Amino acid sequence: MIAAEILISQAFAVQDQFLSLSEVDALILAAEQRRQQGEFCDAKIGVGASLHKDSAIRGDSTCWITEPKFAAEVALLEAFEQLRLRLNSNAYLGLFELELHYARYAPGSSYARHVDQPHGPRHNQRRVSLALYLNAWWRPGFGGELRFFESKGGYRDVDPIAGRLVCFLTEGREHAVMPALAPRLSISGWFRVRN
Ligand code: OGA
Ligand code: MN
């Protein structure tokens, strides 16, 4: 399990097999059903009146995990609740709420370098970012890495392997999603504080 100390002291924390492959499969199915119900929308950038789609910057489509939830989504929320409680008791982060969406990138699409705290209302409440990968097809060379930029220059890549959870402190952490050879499916989440 991701130790709070690792998350606090290093750039990011990675936990493999946060989900089993059968749990991943169930979430892939849930995402596909939501997609067939028309719940995925092209992600937009900007804020308020300037909100717009720019697939050169951000190419995913997203779907918030809202009611009614599939059983696999309920189970995932329970697992994230345990993580929230552990982060609070080990690192006093005061995390209060979780927002969670699926993100699907068509082959070749990406998300340019960014931080997860745009200027919109409540985004400054994000404290911990989560990325959970649902790519059962993934093999070395297939791309789709999560790229973390280092303050001294250079970067570190994390492969989007099925069942892997990546966790990082949201504030100021610059990262990007690299293009993949196949559709790239993940769940992005943020633990928020109240202010
Ligand atoms: C995001 C994001 C990373 C990933 O949704 O803001 O940066 O690896 N996702 O999917
Ligand atoms: Mn991000």
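As the structure lists them, so they are numbered: ligands from 1, and atoms in each ligand from 1. Note that this is a predicted model, so its numbers are computed, not measured.
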- Item | Heavy-atom side-chain proximity of Leu132 to Leu76 below 4.5 angstrom | yes

Rounded to 10°, the NE2/His175 to the Mn ion (ligand 2) to OD1/Asp116 angle comes out at 100°

The atom name of the N, O or S atom in His114 nearest to the Mn ion (ligand 2) is NE2

Contacts of His175 meeting side-chain hydrogen bond (donor to acceptor under 3.5 Å, both in side chains) (sequence neighbours excluded), chain-then-number -> His114, Asp116

| said: Could you check whether Asp42 pairs with Lys44 (Lys NZ or Arg NE/NH1/NH2 to Asp/Glu carboxylate O, under 4.0 Å)? | reply: no

Those residues with a heavy-atom separation under 4.0 Å from ligand 1 are Tyr111, His114, Asp116, Tyr133, Leu146, His175, Val177, Arg184, Ser186, Ser188, Trp190

Given side chains that start at C-beta, do those of Arg164 and Val158 come closer than 4.5 Å, heavy atoms only? yes

Nearest heavy-atom contact between Leu98 and Phe80 is CD2-CB, 3.7 Å

message: Is it the case that the ring center of Tyr155 lies less than 6.0 angstrom away from the ring center of Phe148?
response: no

> Is any side-chain N of the basic residue among Arg192 and Glu99 closer than 4.0 Å to the acidic one's carboxylate O?
Replying inline: yes

